[in-house]
Amino acid sequence: MAVLEIRDLHVTVTTDAGVIPILNGVNLTVRTGETHAIMGPNGSGKSTLAYTIAGHPKYTVTEGTITLDGVDVLAMTVDERARAGLFLAMQYPVEIPGVTVTNFLRTAKTAVEGEAPAIRSWTKDVKAAMKNLRMDPKFAQRNVNEGFSGGEKKRHEILQLELLKPAIAILDETDSGLDVDALKIVSEGVNRAKDATDLGVLLITHYTRILRYITPQFVHVMVAGRVVEEGGPELAERLENEGYDRYLDPAAPIEA
């Protein structure tokens, strides 16, 4: 069992206006086999948490710890985090001109595993995963995300997830920009990965629609850079009905 532990995490970002605090003492534990959903209004720090775990240089940790199985994640480079079993599906996947999907995936797999996968079995796995995600086989020879639609980019993120087989996956608003059919297909890919490898999932979202397909055991509400309430799937339903006003109004009581 892999365990990702975040303790009293404080993070800042430097802008033209100066240093701005984003995370203000986040505590969270994600284990393999668990699905956690983080919900909250825009600007609450959800994506900052995701990118800090992954090691984005834009964000500076000023206090607190992130560990994976007791090992200091913050001391790791980005590639070391990936090899340790962490995976980030980005909200806005970037284009990589000149690098085909086929070369990208095999290079990533080689980097994570420490050796190149056998061509025959790897080709079979890629084709099967693409078929499950209803991706045209021609995408394998296209440059990464170049000219891809929003839905195609998100399917490619989940294709990586299924092939790289991480221990803990952080999905940063994977549902954004997806129509109903694409949302279902992407969700099925996440569920397949979890069933196949006992994946731990940290799912960041604004809405409950993806939670109809990927059922979380734990729901965390993040506001102003900290987790202000936690519960089960019923909490997500309440948020769908009530919104976040009760957390934004300082006079409104928040349940422990």
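- Although no hydrogens or angles enter the test, the distance criterion places no donor-acceptor pair under 3.5 Å between the side chain of Glu5 and the main chain of Thr29.
- Proximity of a side-chain donor or acceptor of Lys46 to a complementary backbone N or O of Ile38 within less than 3.5 Å is not detected.
- The two residues Pro41 and Leu248 make their nearest non-hydrogen contact at CG-CD2, 4.2 Å.
- The structure places CD of Glu188 at 10.0 Å from CD1 of Ile214, a figure rounded to the nearest 0.5 Å.
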Worked check of side-chain contact (heavy atoms from CB on, under 4.5 Å) between Leu203 and Ile210: CA-CA 9 Å; Leu203 174 62; Ile210 193 171; 4.0 Å; yes
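- A heavy-atom distance below 4.5 Å is found between the side chains of Ile20 and Ile22.
- Ile158 and Val112 are assigned to two separate hydrophobic clusters, defined by single-linkage of ILVMFWY side chains at heavy-atom distances under 4.5 Å.
- Closest heavy-atom contact between Ala224 and Asn24: O-ND2, 2.9 Å.
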Determine, step by step, whether Leu163 and Lys109 satisfy the side-chain contact (heavy atoms from CB on, under 4.5 Å) criterion, reporting the C-alpha distance in whole Å, the side-chain angles of both residues, the deciding distance to 0.1 Å, and the verdict. CA-CA 8 Å; Leu163 293 171; Lys109 184 69 171 180; 5.6 Å; no
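- Legend: residues meeting ring-ring contact (aromatic ring centres under 6.0 Å, His included) with Phe87, ordered by chain and number and at least two apart, are absent.
- One hydrophobic cluster holds both Val99 and Phe148 under the rule that ILVMFWY side chains link at heavy-atom gaps under 4.5 Å.
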Show your working on side-chain contact (heavy atoms from CB on, under 4.5 Å) between Leu86 and Leu4 and close with a plain yes or no. CA-CA 9 Å; Leu86 296 176; Leu4 176 68; 4.2 Å; yes
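- Arg106 contributes a side-chain N or O that, together with a main-chain N or O of Pro117, makes up a donor-acceptor pair within less than 3.5 Å.
- Checked by atom type and distance alone, the side chain of Arg142 never pairs as donor or acceptor with a backbone atom of Val101 at under 3.5 Å.
- The backbone N or O of Arg134 lies less than 3.5 Å from a partner atom in the side chain of Arg155, making a donor-acceptor pair.
- Inter-residue side-chain proximity for Leu49 and Leu9 is flagged as met; some heavy-atom pair is nearer than 4.5 Å.
- Phe218 and Leu239 are assigned to two separate hydrophobic clusters, defined by single-linkage of ILVMFWY side chains at heavy-atom distances under 4.5 Å.
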Could you walk me through whether Arg192 and Leu133 satisfy the side-chain contact (heavy atoms from CB on, under 4.5 Å) test, starting with their C-alpha distance in whole Å, then the side-chain angles of each, then the deciding distance to 0.1 Å, before giving a yes or no? CA-CA 11 Å; Arg192 274 194 307 273; Leu133 289 165; 3.8 Å; yes
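- In this structure, Val13 and Lys58 have side chains that are in contact, with non-hydrogen atoms separated by less than 4.5 Å.
- Put simply, the side chain of Ser149 gets close to the backbone of Glu152: a donor and an acceptor are under 3.5 Å apart.
- Counting only heavy atoms from C-beta outward, the side chains of Val186 and Tyr213 never approach each other to under 4.5 Å.
- With hydrogens and angles disregarded, no donor-acceptor distance shorter than 3.5 Å links the side chain of Arg238 to the backbone of Glu242.
- Here the side chains of Leu211 and Pro233 are not in contact, with every heavy-atom distance at 4.5 Å or above.
- How far CG of Leu199 is from OG1 of Thr32: 9.0 Å, rounded to the nearest 0.5 Å.
- Leu159 is listed as a side-chain neighbour of Met130, based on a closest heavy-atom distance under 4.5 Å.
- Taking hydrophobic clusters as Ile, Leu, Val, Met, Phe, Trp and Tyr residues chained together by side-chain heavy-atom distances below 4.5 Å, Ile96 shares a cluster with Leu164.
- Between Thr102 atom OG1 and Phe139 atom CZ the span is 12.5 Å, to the nearest 0.5 Å.
- In terms of modelled atom types and a separation under 3.5 Å, the side chain of Glu63 and the main chain of Asp8 share no donor-acceptor contact.
- Ile53 is not listed as a side-chain neighbour of Leu88, based on a closest heavy-atom distance of 4.5 Å or more.
- Scanning all heavy atoms of the two residues, the minimum distance from Glu157 to Ala89 falls at OE1-CA, 3.2 Å.
- The two residues Ala140 and Thr100 come nearest to each other via the heavy atoms O-CB, 4.0 Å.
- Separating the CD atom in Glu240 from the CZ atom in Arg209 is a distance of 10.5 Å, to the nearest 0.5 Å.
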Under 3.5 Å, side-chain donor or acceptor atoms of residues 168-184 against the rest of the protein: list the pairs with distances, not counting sequence neighbours.
residue, atom, partner, partner atom, Å
Asp172, OD1, Ser47, OG, 2.9
Asp172, OD2, Ser47, OG, 3.1
Glu173, OE1, Gln91, NE2, 3.3
Glu173, OE2, His206, NE2, 3.3
Asp175, OD2, Thr205, OG1, 2.7
Ser176, OG, Lys154, NZ, 2.9
Ser176, OG, Glu173, O, 2.9
Asp179, OD1, Asp181, N, 3.2
Asp179, OD1, Ala182, N, 2.7

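- For the atom pair Thr52 OG1 and Ile6 CD1, the distance stands at 9.0 Å (nearest 0.5 Å).
- Met222 and Gly45 make their closest contact through SD-C, 3.5 Å (heavy atoms, listed as atom of the first residue, atom of the second, distance).
- Taking the six-membered ring for Trp and thresholds of 30 and 60 degrees, Tyr59 and His56 have ring planes more than 60 degrees apart, a perpendicular arrangement.
- Taking OH from Tyr244 and OG from Ser44, the interatomic distance works out to 7.5 Å, rounded to the nearest 0.5 Å.
- The aromatic rings of His156 and Phe104 sit tilted relative to each other, their planes meeting at an angle between 30° and 60°.
- Between Thr65 and Leu74, the shortest heavy-atom distance links the atoms CA-CD1, 4.3 Å.
- Cluster membership check: Leu28 does not share its hydrophobic cluster with Val3, using side-chain heavy-atom separations under 4.5 Å among Ile, Leu, Val, Met, Phe, Trp and Tyr.
- Proximity of Leu23 to His10: side-chain heavy atoms (C-beta onward) are nowhere separated by under 4.5 Å.
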